[in-house]
Amino acid sequence: MAQRQRLIVGNWKMHKTISEARDFVAHLAGLLPKSPHVEIVLAPPFTALSAVADAIKSLPIGLSAQDVHWEDHGAFTGEVSPLMIKDLGCRYVIVGHSERRRHFGETDAMVNKKVAAVLRHGLRPILCVGETGEQRANGQTERVLSGQLTDALAGVGKEQAADVVVAYEPVWAIGSGQPATAEQARDAHRHIRARATALWGQDAGARLPVLYGGSVTPDNIGAFLALREVDGALVGGACLDPTQFVKILAVAHTNP
Ligand code: PEP
């Protein structure tokens, strides 16, 4: 069987100073499995993007920002624009992470503006969607995912679809040590792909990379990647230690 292409993204959140970031990449460089089938992306905090861009220059690792503003420039104190992100060497930007939605009041309308801005600059949004524990308990998972996707992708045409990545991140699974079951992930991923197909048609829907995120570890990543519905993972806590992260990459490498 031909090996599928995987995308593994490490979201450092608000962790690592510049020197810690450099140490991480130096450590990782010595352990990286060589695999053309696994695309590796690091998402350091804004402050470490430049140092990491420099450190990964000769490595098969891509760079992502964790957030972005939708304007190119202006009076938006504290914000960072897509132009700036691109200038730093980023190819990806995480957009609509549930921590941004929950702690910083990010709405679907804001997420939509960010997705549009990221695509306009030729960058790839990693659009995070996912239900809360309460929404799942109330049987609203599919409705929530549909609403988030419809709103965030409003105005994104078929011709831009190839640059979009979606991460299914059930809010209750993030940082909780309680990942989704393989069945829950499979059903949610199928639903996401069905929505993408409804939006963009069969080909674009089939090609959309859909990542799973939420308490991924070296021990459970294999079960997610074994699903044909899962194209990779967005990893938080377990990506902070290079040894753990490499174990996750190694599983992705060996998983057909
Ligand atoms: C995340 O930050 O997107 C995430 C999935 O975190 P964790 O792996 O720690 O649950």
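Indexing begins at 1, ligand by ligand and atom by atom, following the structure's order. Residue numbers start at 1 and run along the sequence shown.
Rounding to the nearest 0.5 Å gives a distance of 8.5 Å between CG of L208 and CG of L149.
Counting only residues at least two apart or in different chains, ring pair (Phe, Tyr, Trp, His ring centres under 6.0 Å) contacts with residues 161-195 comprise Y168-H189.
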Contacts table for ligand 1: protein N or O within a distance under 3.5 Å of ligand N or O, distances only.
| from | atom 1 | to | atom 2 | distance (Å) |
| --- | --- | --- | --- | --- |
| ligand 1 | 2 (O) | N11 | ND2 | 3.2 |
| ligand 1 | 2 (O) | K13 | NZ | 2.8 |
| ligand 1 | 2 (O) | H97 | NE2 | 3.0 |
| ligand 1 | 3 (O) | H97 | NE2 | 2.9 |
| ligand 1 | 3 (O) | E169 | OE1 | 3.0 |
| ligand 1 | 3 (O) | E169 | OE2 | 2.7 |
| ligand 1 | 6 (O) | K13 | NZ | 3.3 |
| ligand 1 | 8 (O) | G236 | N | 2.8 |
| ligand 1 | 9 (O) | G237 | N | 2.8 |
| ligand 1 | 10 (O) | G175 | N | 2.7 |
| ligand 1 | 10 (O) | S215 | N | 2.7 |

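Not counting sequence neighbours, the partners of T132 by the side-chain hydrogen bond (donor to acceptor under 3.5 Å, both in side chains) test are Q135.
Salt-bridge formation is detected for the pair D231/R193: a Lys NZ or Arg NE/NH1/NH2 atom is positioned less than 4.0 Å from an Asp or Glu carboxylate oxygen. Here E71 does not pair with K113 in a salt bridge; the nearest charged N to carboxylate O distance is not below 4.0 Å.
Here L211 is tied into one hydrophobic group with L7, V9, V41, Y92, I94, I126, V165, L234, each link being a pair of ILVMFWY side chains closer than 4.5 Å.
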